[in-house]
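Notes for the one structure printed next.
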Amino acid sequence: MVALLQSELSSKPAATDPRGWWRRWGAPLWLSVLLVLGFSALPAQAASSVASGGINPDGTVDPSFALSLNQDMQERLKNITLDSFNALPKSRITKMREAYIQAVNAIKRGDEARGLQIQHEQLQGYPLNLWLNYYYLAYNVRADKVPAALQFIQSGQQHELAGLLKERYAQFLSEERDYVGLAQLMGPKRIDESKLSSLSFAQKKELCRFYEANWALDRVNEDAVSFASRVYLDLGNRPQACGPLMALFDAKGYLTDKLILKRFERAYVERSYQDTTKSLAQVLKRTDFKDRVSALLELYSEPSKLFEQVQTNEPTDHRVAVLAFKRYANIAPRSARADLERFITTYQPSSTELIGIYQMFARNFLGRSYDKSDVAWVDQNLSALAWTDELKEMRLRRAIYFAQWDKVYVLIDHLAPDVRSAINWRYWKGRAAQELGLHQEANTILAEVAQDRSFFGFYAAQTLGQDYAFNYAKIEPNFSFPLDIATNKAALRFFELFALDDDNAIYEWREIAKHSPKQEAMIMAQWALQSGNISYAIDYVVSSGDWDALDYRFPIAYRNFYEKYARQNDVDLSFLYGISRQESMLNHKIRSWAGAVGLMQVMPGTARDIARREKWRFQGVGSLTDPETNIRYGSTYIRWMLDKFDNNRVLAAAAYNAGPGRIPQWASDDAQKRDVAMYVETIPFNETRKYVQNVLLYDAIYNFLLTGKPGDLIKPNELSYAY
């Protein structure tokens, strides 16, 4: 059996049906695991406890007993290896799986005693007993389960499930106001929150729970006030888990009318926070600031009318005038600039107020829609202290767009250290040095950049005539599947969940990727690749951070379909793969929030248009989850974009992401010669800028994986194109 599996792994191509390999060969192996997992009865003491001592009079189960029962069953897995496997009748495996499902369902519906009874009578040593323990703790959360939940979380048995349990019990302890328990659950602060804007959603949740617990216990008073204030004033999405901290912030008297007004004023001057502005206004109409708020709302749609409506420069009117003009500068900057001197003369803003207004002008005039004279105005009027990192990056992109190489060279050194070390800014530092005739410095910097596997790394390598730094890491060739992962308990659990067609298998997969020895995790990724489970192969890379594992990061899936439609539409095979990898990570079932479907994220409306023009019969949105159908539609649309934009992949990729109507808007109209790097860096949408870089990079990597040859990142017609 082992030899057969090894042969199958090394020679079998990716299956059209991702489950085919598993059903033919994987299941018999992992079913046989269960023979030696121990089906003997529990010790008499444990059995007696289930019968009486483990079950309370009200029908609930003693959590400490439930945990010890599970630990006893897990103990039976410790010394299992494939060498000890023997055949097990399929009927026995089927019964155990049925018993497991019955136990899970019993626990989920609240019949914990029945679930654990099934477990101890029929499932001793079964690999998924850990999951039964998780379900027991995760459902019907209550105070007496907290110690057992903490033990599970801190035990390191399964980190992914521990994270899920931690969220559930954090919410429970918060609702119960058990701050001692919540503080114990959250542990010490592990995250630096000095830059709130750089925190992930999960990090914000973690910090909110930490401060909620420890502030209630008088351990972090000043830090908690500071963090909660910043969370409140942040206009971005706030995690629901931060609600209790905000309630505590309010209850302790820190959510003052003045702070609410500050949040209102931040929202007021922005373009995209109308609902926030109006909801905060309703709160403030019951405060001493009601007149100011009412006056501001009257100017919300037409702030230019402030000169007519704000007649004095008394404190309240002054503040209304400043905020209204700041909004005016945001939504109609050129008109506001024409009125700036009148505003300054009439309302005499302070230097601090003027800085905020000039920053608002800068945010607009440094955008792609404005010309060199607008940029020069910003340079002349924005003081050195008013340049934020965001504005510096915006100014750098305008300097690149206008080929102001002396400014590029200097400005990069004024970025924060962690920003200027980014590979794109390292490239532009070298490029600016080159354009200024500093050739030795330029060659040193660009040669360093060329060692990076990125769009700008490959672009620098192509410019210098160097080899691309693929940094290609492969699995050690002397591995033995399945022997090398025989004792990996997460792998045992994964395969059993996979056999049950349970989507929770992803949690064991990520446990393997993050917490197993690298070689064992790569063996599992190799299994995923060769068994056609492409999403698992990619998820291995994303979860483990093993970005050099190109075979799994860029799998070659559905090759027959991609080759067929690449030929039919005369599109490079690697380009279709690059688009698909960026769009969906090659998940044929995925649907985006906007409604895009499948491998190439085809919009249903676009599919209908394609079908109409090509005289095809559109089979409905559901048909787009079929890999061949999706590739057929997506590759046809790519061909349209290439035809529309001079067979230029740079423009076609940008059009695929942002829509073809944007591309003419981004074309140069000032006779300035711009190359492809300048065009890509100055794409006005952050998402599209990154998208185009990724697609071109992925195209180059796929070309290498498909042909074994490096090829070109940028083709000759794209290099000579007038952007």
Side-chain angles (χ1 to χ4, degrees), residues 195-201 204 229-240 242-243 246 259-285 289 292-306 319-337 353 355-370 374 378 382 386 388-395 397-398 592-596 603 654 657-659 661-662 665-666 682-691:
K195 287 189 176 181
L196 188 68
S197 60
S198 66
L199 296 178
S200 69
F201 208 67
K204 288 180 182 178
S229 297
R230 287 184 293 140
V231 169
Y232 178 75
L233 292 173
D234 183 17
L235 295 176
N237 289 332
R238 183 189 304 163
Q240 188 175 358
C242 292
M246 293 296 99
L259 192 65
I260 297 171
L261 179 68
K262 191 173 182 180
R263 179 175 168 86
F264 166 82
E265 291 179 348
R266 286 191 178 188
Y268 180 87
V269 300
E270 298 295 341
R271 299 182 186 183
S272 305
Y273 292 96
Q274 183 174 350
D275 291 342
T276 301
T277 301
K278 291 185 175 180
S279 65
L280 290 170
Q282 290 300 315
V283 175
L284 290 167
K285 282 182 178 179
F289 302 112
R292 182 190 303 186
V293 169
S294 295
L296 283 166
L297 289 180
E298 289 179 11
L299 293 166
Y300 189 75
S301 299
E302 296 182 84
S304 60
K305 290 186 176 181
L306 73 98
R319 189 59 180 163
V320 169
V322 169
L323 289 167
F325 192 82
K326 194 172 182 181
R327 178 168 175 78
Y328 184 21
N330 194 11
I331 64 178
R334 280 191 172 137
S335 296
R337 183 172 60 188
E353 290 168 337
I355 285 175
I357 289 168
Y358 281 125
Q359 286 176 329
M360 187 62 77
F361 276 121
R363 280 172 51 185
N364 287 277
F365 288 148
L366 295 178
R368 183 67 175 266
S369 303
Y370 297 89
D374 295 312
V378 174
L382 194 64
T388 64
D389 278 339
E390 177 191 12
L391 291 175
K392 289 174 186 176
E393 289 193 66
M394 293 179 72
R395 181 62 182 92
R397 290 197 168 93
R398 298 309 279 154
S592 76
W593 63 268
M603 292 293 291
N657 176 257
R662 302 281 186 184
Q665 298 174 20
W666 298 343
T682 57
I683 289 173
F685 296 166
N686 291 338
E687 177 190 329
T688 304
R689 187 187 314 131
K690 186 63 177 175
Y691 180 95

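Quantities reported herein were computed from a predicted structural model and do not represent experimental measurements.
- The minimum heavy-atom distance between Phe201 and Asn237, with the atom names listed, is CE1-O, 3.8 Å.
- At distances below 3.5 Å, not a single donor-acceptor pair connects side-chain atoms of Arg266 with backbone N or O atoms of Leu261.
- Side-chain atoms of Arg263 do not come within 3.5 Å of backbone N or O of Thr276 as any donor-acceptor pair.
- Pro333 approaches Ile331 most closely through the heavy-atom pair CD-C, 3.7 Å.
- The nearest pair of heavy atoms linking Phe325 to Ala336 is CZ-O, 3.3 Å.
- Lys278 contributes atom NZ, which lies 13.0 Å from atom CG of Leu280 (distance to the nearest 0.5 angstrom).
- If you take CG on Asp234 and OG on Ser229, they are separated by 12.5 Å, rounding to the nearest 0.5 Å.
- For the residue pair Leu366 and Leu391, the shortest heavy atom distance occurs at CD1-O, 3.7 Å.
- In this structure, the side chain of Thr688 does not engage the main chain of Phe685 through any donor-acceptor pair within 3.5 Å.
- Side chains of Arg334 and Asp374 form a contact here, defined as non-hydrogen atoms less than 4.5 Å apart.
- The CZ atom of Arg395 sits 14.0 Å away from the OG1 atom of Thr388 when rounded to the nearest 0.5 Å.
- With sequence neighbours excluded, no residue forms a side chain to side chain donor-acceptor pair (under 3.5 Å) with Gln282.
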Distance-only donor-acceptor hits, side chain of residues 292-306, under 3.5 Å, sequence neighbours excluded:
unit_1, atom_1, unit_2, atom_2, d
Arg292, NH1, Glu265, OE2, 3.4
Ser294, OG, Lys290, O, 3.0
Glu302, OE2, Lys305, NZ, 3.3

Side-chain donor-acceptor distances from residues 357-364 under 3.5 Å, at least two apart:
unit_1, atom_1, unit_2, atom_2, d
Gln359, NE2, Ala386, O, 2.8
Arg363, NH1, Glu270, OE2, 3.1
Arg363, NH2, Glu270, OE1, 2.9
Asn364, OD1, Arg271, NH2, 2.5
Asn364, ND2, Asn330, OD1, 3.3
Asn364, ND2, Met360, O, 2.9

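- Between Pro239 and Lys204, the shortest heavy-atom distance links the atoms CG-CB, 3.8 Å.
- For Arg397, the salt bridge (Lys or Arg N to Asp or Glu O under 4.0 Å) partners at least two apart in sequence or on another chain are Glu681.
- Residues passing the salt bridge (Lys or Arg N to Asp or Glu O under 4.0 Å) test with Lys392, sequence neighbours excluded: none.
- Taking all atoms of both residues into account, the shortest heavy-atom contact from Arg238 to Cys242 is CG-CB, 3.8 Å.
- Taking the side chain to side chain donor-acceptor pair (under 3.5 Å) definition, one finds that Asn686 meets it with Arg689, sequence neighbours left out.
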